[in-house]
Every structure is written in structure tokens, then in C-alpha cells.
Amino acid sequence: MTKPGALNRKTVITDIVIIAAIAAAVFVLSIRTRAVDDVIYSKDDIVHTKMAKIEKQKNSIEKALETGSIFPEYYAGVKEYELSGNSPKQAEKEEIASITENEALYRYALDKGYRVSDKELKERMQKELKDMESTEEYADIQAAYKKEGLSFKNEFWDDREKYRKRYSVDDQYEARTEEITFGKRNSETGERNPDENWKLFRTTVINKYKNARR
């Protein structure tokens with residue numbers, strides 16, 4: 001973990017900023033390339049094939065846009081929500097909310113010193129990959145990605161910063177839950193149930209994060 005530091009207001013990404021960034025990316029894509037295609041897989045494709053095709057399309061978008069754009073991840077997230085049965089409009093809403101929540105909790109985690117180091121990140125990702133490789137469906141996942149000209153392992157490791165964020169938030173959750181469970185921390189929310197406490201705490205963090213630039 002890193003040394004706790006003050007939350008930098010300039011790094012805050014609110015819903016409005018996310019929407020603006022997405023709109024700018026769509027405009028750039030519209031004049032550079034037809035990289036975004038609403039129909040990238042058929043309804044008869046198995047889920048692994050659909051995920052591989054989404055990943056391939058995300059990579060195409062990344063190549064068309066400048067480095068640092070949040071749109072590729074947003075695009076992939078929206079498509080994944082659609083796979084879960086959401087309408088396109090609802091999927092977009094869910095993904096924007098997800099980006100905002102993840103960024104809010106990650107920034108708070110950083111402020112409290114819960115940043116996963118490069119060494120720890122590598123170790124945890126290796127363990128997660130090993131766990132995936134032991135599942136019955138892993139061979140099908142590999143085959144689906146290979147058919148699209150991709151390597152699942154390469155795509156997995158390319159997402160290392162996404163995993164760093166997730167692990168950092170997970171560490172904060174585990175530490176907070178343990179402290180409340182064993183009475184080492186006062187419950188600011190007044191809720192002693194660890195899961196309910198986390199829900200209330202999460203809502204508070206997200207709301208403060210959204211209001212940081214207002």
C-alpha cells in the first residue's frame with residue numbers, strides 16, 4: 001500500500017465529465033473511422049465468443065483514439081451489460097454509474113493508503129489467472145479469443161490497471177469489514193452489520209465524489 005495522500009480534486013471524474021469524454025470520443029471516431037459497430041456478434045454466438053468479439057472491437061476503438069480515452073472501456077462495459085439483458089439505453093446508464101462508483105471508491109482507497117503495488121498486483125493476477133485456468137470453461141474461452149485473433153492471457157494482462165483498482169477497493173472493503181466486525185472501528189453510519197455498513201459507506205463516498213467538482 002502507498003502512503004495516504006490528499007484527494008486531488010483535478011483527478012475526480014464525475015458523471016458529467018464521463019459523459020463529455022464519451023461524447024468527444026464518439027465525435028473523433030465518427031470522423032476517423034467506422035470502428036464502432038452496434039452489431040458485432042450474432043445472437044447464436046456462445047457467450048465466450050461474444051466476449052471475445054467485444055474485446056476485439058474495444059481494441060479497434062483503442063487504436064482509433066488517442067491514448068488515455070475512457071471510451072474503449074466504456075464501450076466494452078456497455079456491451080457486457082447488454083449481454084446481461086439490459087436495453088442499450090439502460091446499459092449505458094449502468095456503465096456510467098459503474099465507472100463513477102469504481103473511480104470514487106478507488107480514489108478514496110488511495111487516499112487511505114490502499115494502493116496495490118506492482119509486485120503485489122502481479123502476484124494476485126497470476127493467482128487469479130491460475131484459478132481461471134483450472135475451470136472447465138477456460139479452454140473454450142481461449143478458443144473463442146484465438147478464433148478472433150486474440151490471446152486471452154494477453155488481454156488479461158493488458159487490463160492490469162483495472163485489476164489494480166479492483167484489488168485496492170477489495171482491500172479497503174476487507175479491512176473495513178474486519179474492523180467493524182471485531183469492534184475495532186466505530187460505525188460512522190450507525191449500521192453494525194458489515195454488509196449494510198459497506199453499502200451505506202459506499203453511497204456516502206460516491207455522493208461526496210460526485211459533489212467534489214460542484
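Residue numbers start at 1 and run along the sequence shown. Keep in mind that this is a model prediction, so the values were computed, not measured.
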I want to check something: taking the side chain as every heavy atom from C-beta on, are [X] and [Y] in contact at a cut-off of under 4.5 Å?
{"X": "Ile70", "Y": "Tyr75", "result": "no"}
{"X": "Asp131", "Y": "Thr135", "result": "no"}
{"X": "Arg107", "Y": "Lys165", "result": "no"}
{"X": "Lys50", "Y": "Lys79", "result": "no"}
{"X": "Asp158", "Y": "Glu62", "result": "no"}
{"X": "Glu123", "Y": "Lys119", "result": "yes"}
{"X": "Glu82", "Y": "Val78", "result": "yes"}
{"X": "Tyr167", "Y": "Met125", "result": "yes"}

Heavy-atom closest contact ([X] atom, [Y] atom, distance):
{"X": "Asn86", "Y": "Tyr81", "value": "ND2-O, 2.9 Å"}
{"X": "Gln172", "Y": "Ala109", "value": "NE2-CB, 3.6 Å"}
{"X": "Met132", "Y": "Tyr138", "value": "O-CB, 3.3 Å"}
{"X": "Arg164", "Y": "Ser117", "value": "NH1-C, 3.7 Å"}

Mind checking whether Tyr145 and Phe156 have ring centres under 6.0 Å apart?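 Between Tyr145 and Phe156, the centre distance exceeds or equals 6.0 Å.
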Counting the benzene-type ring for Trp, do Tyr114 and Tyr108 have ring centres under 6.0 Å apart?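 No, the ring of Tyr114 stays outside the 6.0 Å limit from the ring of Tyr108, centre to centre.
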Point-to-point distance, once rounded to the nearest 0.5 Å, from [atom1] of [X] to [atom2] of [Y]:
{"X": "Lys112", "Y": "Ser168", "atom1": "NZ", "atom2": "OG", "value": "15.0 Å"}
{"X": "Glu103", "Y": "Ile206", "atom1": "CD", "atom2": "CD1", "value": "12.0 Å"}
{"X": "Lys122", "Y": "Glu120", "atom1": "NZ", "atom2": "CD", "value": "14.0 Å"}
{"X": "Asp140", "Y": "His48", "atom1": "CG", "atom2": "NE2", "value": "5.5 Å"}
{"X": "Thr49", "Y": "Ile54", "atom1": "OG1", "atom2": "CD1", "value": "11.0 Å"}
{"X": "Glu101", "Y": "Ile96", "atom1": "CD", "atom2": "CD1", "value": "14.0 Å"}

Check whether any side-chain N or O of [X] sits under 3.5 Å from a backbone N or O of [Y] as a donor-acceptor pair, and report yes or no.
{"X": "Ser69", "Y": "Leu65", "answer": "no"}
{"X": "Thr203", "Y": "Lys199", "answer": "yes"}
{"X": "Asp45", "Y": "Ser42", "answer": "yes"}
{"X": "Arg115", "Y": "Leu110", "answer": "no"}

Got a salt bridge between Asp171 and Arg124, using NZ or NE/NH1/NH2 to carboxylate O under 4.0 Å?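 Looking at Asp171 and Arg124, the cut-off is met.
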Using a strict cut-off of less than 4.0 Å between a Lys/Arg side-chain nitrogen and an Asp/Glu carboxylate oxygen, indicate whether Asp159 and Lys58 qualify as a salt bridge.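 Result for this pair is yes, salt bridge flagged.
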Distance-only side-chain donor-acceptor flag, Glu155 / Asn59, under 3.5 Å: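 Per modelled atom types, Glu155 and Asn59 side chains form a pair under 3.5 Å.
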When you check the side-chain N and O atoms of Glu178 and Tyr173, is any donor under 3.5 Å from an acceptor?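 Absent: no donor and acceptor within the cut-off.
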Please check if Ile46 and Ile141 belong to a single hydrophobic cluster, counting links between Ile, Leu, Val, Met, Phe, Trp and Tyr side chain heavy atoms closer than 4.5 Å.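 Result: no, two separate clusters.
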For a side chain to side chain contact (heavy atoms under 4.5 Å, CB included) with Glu148, tell me which candidate from Glu55, Lys56, Met51 qualifies.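 Among Glu55, Lys56, Met51, the one that satisfies the side chain to side chain contact (heavy atoms under 4.5 Å, CB included) with Glu148 is Lys56.
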Phe201 ring centre to Arg176 NZ or CZ under 6.0 Å, with the angle to the axis within 45°?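 Yes, Arg176 lies over the aromatic ring of Phe201.
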